[in-house]
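Report on one structure; see the data block that follows.
The figures here come from the full heavy-atom set of this structure, side chains too, leaving out hydrogens, waters and symmetry mates.
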Amino acid sequence: MLFSLSYSTSLMNLATGFDFPLKPIFLHGLSSVLHILLLVGVLVSWVWKRVVAGVGNGTKEEKPNSTLFKVTKFCCFGFSSFNFVLLLVNYFYWYTSGWSEERLVTLIDLGLKTVVWCVVCVCFHKGFFVFFSSSQRKRRFPVFFRAWCVFYLFVSCYCFVVDIVVLYENRVELTVRCIVSDVVSVCVGLFFYYVGFCVKNESGEEGDRTLQEPLLNGDTHIGNGNGNGLELKETKGGDTLTPYSNAGILSLLTFTWVGPLIAFGNKKILDLEDIPQLDSGDSVVGAFPAFSEKLEGDCGTINRVTSLMLVKSILISGWKEILFTAFLALLNTFASYVGPYLIDSLVQYLNGKRLYENQGYVLVSAFFLAKVVECLTQRHWFFRLQQLGLRIRGLLVTMIYKKTLTLSCQSRQCHTSGEIINFMTVDAERVGIFSWYMHDMWLVVLQVALALLILYKNLGPASIAAFVTTIIIMLANVPLGSLQEKFQKKLMESKDTRMKTTSEILRNMRILKLQGWEMKFLSKITELRDTEQGWLKKFVYTSAITTFVFWGAPTLVSVVTFGTCMVIGVPLESGKILSALATIRILQQPIYNLPDLISMIAQTKVSIDRIASFLRLEDLQSDVVERLSRGSSDTAIEVDDGNFSWDLSLPNPTLQNLNLKVFHGMKVAVCGTVGSGKSTLLSCLLGEVPKVSGTVKVCGTKAYVAQSPWIQSGKIEDNILFGEEMVRERYEKVLEACSLKKDLEILSFGDQTVIGERGINLSGGQKQRIQIARALYQDADIYLFDDPFSAVDAHTGSHLFKECLLGVLSSKTVVYVTHQVEFLPTADLILVMKDGKITQSGKYADLLNIGTDFMELVGAHREALSTLESSGEGKESNEISKLEPEVTISGTHEEVNKNEQNGKADDDTGEPKGQLVQDEERVKGKVGLSVYWKYITTAYGGALAPFIILAQILFQTLQIGSDYWMAWATPASADVEQPVNGTTLIEVYVGLAVGSALCILVRALLLVTFGYKTATILFNKMHLAIFRAPMSFFDSTPSGRILNRASTDQSAVDTDIPYQIGSFAFSLILLLGIIIVMSQVAWQVFIVFIPVIAISIYYQRFYLPSARELSRLCGVCKAPIIQHFAETISGTSTIRSFDQQSRFHAANMKLTDGYSRPKFNIAAAMEWLCIRLDMMSSITFVSSLMFLISIPPGIINPGLAGLAVTYGLNLNQIQAWVIWNICNLENKIISVERILQYTSIQSEPPLVLEEENRPAASWPAYGEVDIRNLQVRYASHLPLVLRGLTCTFRGGLKTGIVGRTGSGKSTLIQTLFRLIEPTAGEVIIDSINISAIGLHDLRSRLSIIPQDPTMFEGTVRSNLDPLEEYNDDQIWEALDKCQLGDEVRKKEGKLDSSVTENGENWSMGQRQLVCLGRVLLKKSKILVLDEATASVDTATDNLIQQTLRKHFTDSTVITIAHRITSVLDSDMVLLLDQGLIEEYDSPTTLLEDKSSSFAKLVAEYTMRSNSNFEVDRPK
């Protein structure tokens, strides 16, 4: 619409020649009346709808959601903003030159337009306007509004014609703003005419839905008004593709496509299912096949990949993004130097030197255009690189995972699981992050070159001094950068070591607690952290010096440059100085970035090399096993002259001269002593052991049951199905065969119960039965069982053997390793192994006649049975037949303690309890101020914070002071006298510069001291809380969650958060400084600045809820990747044996994409916010420029005005930096929040009490355990597990505890060690109530050999004596006693021989013997054996029993055993049933009573041992 800024006087002169309708006062008046009419019409319509229509039906009018509708809203808002800007410009311009009636009317007109178009925009947004003709349901404006649009277009065109034709012909000068105003008004009029009359889309037929995402439109209905519209609840983000894939150009340019997700995050707390799926180009699922194919195509095979080939493949996979972002970076660099280049021209203009008419407007337009280009290019440059980085990270993670699935066992020993996980979490992440730095290598050169050109233009030869100083500073940064790189590398190495140890400790926390070792192992972690902190300290203080260089560099370059100007006589004018200052400030970034860039290149190269070297590791030999298709041979397994070795470098193979032929349907048993090579034989058949010579042929599919159960986190059903389709009949049959039905009935969630990490909430027997069920369900041709029956009791073992091997698998080929001689007679072929050779083979009866090695095993078994024979049990077959029906073979009760953990619901309410393993707890909503306060006050009570802020304020004051001094003390042009002489000018400037540099040094040092100290305190608090947590915490918390806090979150607290908090405070102070400087010369800028800040804060608050939750989701989504990776590494053999690699590979890709989804949207949301903040800042900057060029020359100092512009150039960056810091800080502080969560875990009772409550050093002297009315439950809402036990274990006697699975045996032992606290009753040991003393005093005086034999990575010595309490002679004596002395002496390192992770270079039986060695060293008065001989053969079992009888004659020995023979020589037997004592007497007394439950158990065991199961075997 018409308005004129500079022609009012001219029009007065023409008044006599023009009619009144041509006068501006008439035109503005007409426009005002027109807009008042519209405002009144809207108000009347609103009142009518509220009062009349609202009473009628109360229905809510639909809001259309097409792109055209959104553009209409945007047009209204844009036109309102445009009029507001013109209002301000006119006000500034006329502020100094006086008012007139015409000018007043013009301002009123502009004010009305601003208000009315804003109201129209709100009406559109709220869906208030009647968009539908009720009869035909066509989208249209109301008649009134369409009529108004016609009249408005007419008035706009009339005004335009008056300006262009009439005034131009009469030679009236028109301003640029006048023309722009008229053109915009006509365009708006035409647009609304088009929308009102030409667009007649039906409600359901909007053509363009590009920006429409039904998922994210909140409650908006999209449809034809009949209730069939798509609603939010019906569509989840996880089911839809990201709007980014289909966004239009305008949406992409302004990041509007991510707006709906941000808006949705304001309505509800975002969850992963709300986040849309990635575009196929960004998804690993879509991108990996091409990447892998390209890499393997270049290398021939992945084993020959080099770092260069890997880099080449990465670059080729993202070449389009790299070229596009390079172009954006180039454009951005040129745009950023436009401002400094033009400052001198602006100062000269303000000083009165105007080269041409409207030069001021041209300069303002140039500044504004450059800012817009800089903003748009930077935002898209950063976003595209983050997008590329995410994709690269995902591709590398997937490549590492795929390699892990094919690694040979020898290669696997080169790296621990912790190191392999680090390739994924650290190295792949770092290569992804490098994408940010990709273009910096060539940009540094370009930025320095452009800066020197501008400096040369302004300061001539003095620019050479600036160049030399810049180069010197950059070179000075290089040693700092290399130091940082060195410290960073050492920091990462020490972190790797700490995380590896932490991971191992968390896996074995139960053992540590039972042994009372947890504080010793905590001190181990603390020692490793101390080493890490040493490097952290060096790293952060080097960073402080680098920060000092960063902020001090521009000042130093300025001092040298201006000093050189004084020396060589270059005249210093304020315009040239300000241009130089702005240019040098831009140079600050490349100067600072160079060491960072060098460091990042070096770090990335190290990571690429590490990944490439891992990818080059040897895979499993593909030719070890010749796989034949089903039915192609009558032989199922054939081994000819096979020699196999785990380590091909050793002269003697692990297995030698193997010759074996197994026909289809045969049952082959493998037996032998501990360490004879039984498990290795099965591994050979799976192709896991490198082949030295010979051939192995396997015909058909395989299924494998490992000796150590490998169970995945997830539902029981998923573990059994293992990727197969559900066939209910087969599934039920498998559950029945594996005795799992009763277990599932007892569990609240049945087979939907979620299993904890490594099956932590299942008993050993349960885990093994689920493993067997998994194998059975696969319906394979060949089954390989590695002693699965040792983990279950005698009764369950016989049931499994009968139902599984002889029942379900009767027609299958089965090779089973077993230590139980009673399972041998049914075998078609028995292989006896010794020292890696098959010494004998044949049927049971044949081997009894000829086999010396076999006779050793059978003899040991018979010796164990001799007690039973002497008791006369099992002789009368009719007694056995009477007992047999009473033995319920069909199923077992699950171990009570495990069921209660899983939420067994048999209390009165009958409500199912929650799963043991819940989804990770995620604090939702705004991060509380208490988190910030706790963080700030953790170190020194927060005393350093005020000094840090003070140092920054002083720095900012001195910095502004030095720039202000240079602007004021130098003339605007050469013909103006200089206020001070040159020497004073430089001296004052240098003084102020040195002062500001010292402030920044103090600030940097204080900040890193504060951050380092806080990180140390939080680390110690969290780890102490974790190690003191009760065992129930570890049962219900996957280690991935704890490791995530100990690694990712701790890293953020170590290095990121101090800088983030500091950065927020500093940027805020910087922003206030800029505002103060700008307001000195143009206080009117506040009129724009205040609403702009208000809008910016609104945007920030609108953005924050979504960003916060997306950031939390990233933390939550990372743990499952690590956990899945760790599970895969430990179960590689099982996965490969079932040929499930592709399924696990796909699952990993899905998890990787799940992590990338919130990451991608965080990046987009951040740019969505930044682009809007940048535009707001640009409006503020342009407003101040418009004011400055509107002021007549001489009113303000041009130098100071130029200073305001110099600072204003950075306004958009600093304002965006402040808001970005607020958002990023809240995202990062979540790490503190997560760590603080774990500092407040409920602790166990104290380890040690006051001196008066500590037992004597000789306690327990007798070892008498008195249990009185003991009641135990696992949680307050769960039923009792032990229901009032009362008994006494006499000191020095051997007591055996037996009972069906689920009777509460393990619960009793856990209570004895106080892993669970009694609900009622008490346990008295030698007259002392165990609940009245410290946990350490109790556990350190008791000994236990646990069910799962555990060894830690380290040496033989550290495994036997972790507390370092014994000398070498004592350790050797213990080793000899447990029959391991000779084995250890064979090893090169003797006691210092290495033990790999989880003791994997020792057999299961040998590990159990090491556990025996530990208790022999400790020589406690009370010893507990928790199914301690489950993993050893009968001969070794007998040996252990003899050793214990010999060396623990005076000790109280409590034994839980599956083998009845282990408890037969006990003095007393305690039989538990359903948490109650059923029988407690001597074995002899109980056996004499044939109706006793114990006698029945023994009879069953005897029957099984004497039977060959032939009667049960199908013919």
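Taking the side chain as every heavy atom from C-beta outward, S1231 and I1057 approach each other to under 4.5 Å. No side-chain heavy atom of F467 sits under 4.5 Å from any side-chain heavy atom of L455. Considering only heavy atoms from C-beta on, K538 stays 4.5 Å or farther from L483 through its side chain. Considering only heavy atoms from C-beta on, Q386 comes within 4.5 Å of E1167 through its side chain. The side-chain heavy atoms of L536 and T1055, taken from C-beta on, include a pair separated by under 4.5 Å. Side-chain contact check for V931 versus K934: every heavy-atom pair is 4.5 Å or farther apart. A heavy-atom distance below 4.5 Å is found between the side chains of Q1050 and I1235. T531 places none of its side-chain heavy atoms less than 4.5 Å from the side chain of K490.
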Practice task
Would you sort out whether I1171 and C375 count as a side-chain contact (heavy atoms from CB on, under 4.5 Å), showing the intermediate values?
Solution key: CA-CA 7 Å; I1171 204 165; C375 156; 3.8 Å; yes
Problem - Verdict with reasoning, V540 to Y1059, per side-chain contact (heavy atoms from CB on, under 4.5 Å) - result: CA-CA 10 Å; V540 294; Y1059 296 108; 4.1 Å; yes
Exercise for the section: Might you work through the side-chain contact (heavy atoms from CB on, under 4.5 Å) test for L954 and T957, ending with a clear yes or no? Expected result: CA-CA 5 Å; L954 281 173; T957 307; 5.5 Å; no
Exercise for the section: Evaluate side-chain contact (heavy atoms from CB on, under 4.5 Å) for L491 paired with E532, printing each intermediate quantity in order. Expected result: CA-CA 6 Å; L491 179 63; E532 185 185 345; 3.7 Å; yes
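Separating the CE atom in M492 from the OG atom in S1051 is a distance of 6.5 Å, to the nearest 0.5 Å. Interatomic distance, CG of L992 versus CD1 of I960, reported as 12.0 Å (0.5 Å rounding). A distance of 8.5 Å separates CD1 of I472 from CG of L556, quoted to the nearest 0.5 Å. Interatomic distance, Q956 CD to L1070 CG, rounded to the nearest 0.5 Å: 4.5 Å. If you take OG1 on T470 and CG on L475, they are separated by 10.5 Å, rounding to the nearest 0.5 Å. Within the model, atoms CD of Q533 and OG1 of T1016 stand 3.5 Å from one another, a figure rounded to the nearest 0.5 Å.
Counting non-hydrogen atoms of neighbouring residues, nucleotides and ligands closer than 6.0 angstrom, the CH2 atom of W442 exceeds 12 such neighbours. Counting heavy atoms of neighbouring residues, nucleotides and ligands inside a 6.0 Å radius, atom OH of Y932 exceeds 12 of them.
Classification of the Y437-F434 ring pair by plane angle, with boundaries at 30° and 60°, yields parallel.
Contacts classified as salt bridge (charged side-chain N to carboxylate O under 4.0 Å, His left out) and involving residues 1051-1060 (residues at least two apart or in different chains) are given here: K495-D1054, R529-D1054, D1056-K1228.
Between the side chain of S435 and the backbone N or O of L385, at least one donor-acceptor pair lies under 3.5 Å. Remark: side-chain polar atoms of S1111 are not paired, donor with acceptor, to backbone N or O of A1107 under 3.5 angstrom. When atom types are taken as modelled, the side chain of Y989 and the backbone of F562 share no donor-acceptor pair closer than 3.5 angstrom. At least one donor-acceptor pair under 3.5 Å links the side chain of N332 to the backbone N or O of E374.
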Could you tabulate the donor-acceptor pairs under 3.5 Å formed by side-chain atoms of residues 993-1012, not counting sequence neighbours?
| residue | atom | partner | partner atom | Å |
| --- | --- | --- | --- | --- |
| S996 | OG | A993 | O | 2.8 |
| R1003 | NH1 | Q952 | OE1 | 2.7 |
| T1009 | OG1 | Y541 | OH | 2.7 |
| T1009 | OG1 | L1005 | O | 2.7 |

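The two residues A939 and I1017 come nearest to each other via the heavy atoms CA-CD1, 4.1 Å. V1053 approaches A1015 most closely through the heavy-atom pair CG1-CA, 3.7 Å. Of all heavy-atom pairs spanning I1061 and I1229, the tightest one is CD1-CD1, 4.4 Å. Of all heavy-atom pairs between A466 and T561, the closest is CB-OG1, 3.3 Å. Among all heavy-atom pairs drawn from W535 and S494, the shortest one is CD1-OG, 4.0 Å.
Every residue two or more places apart in sequence or in another chain that forms a side chain to side chain contact (heavy atoms under 4.5 Å, CB included) with L1068 is listed here: F1064, V1218.
Paired with F334 under the rule side-chain contact (heavy atoms from CB on, under 4.5 Å), one option of L331, V338, L330 passes, and it is L330.
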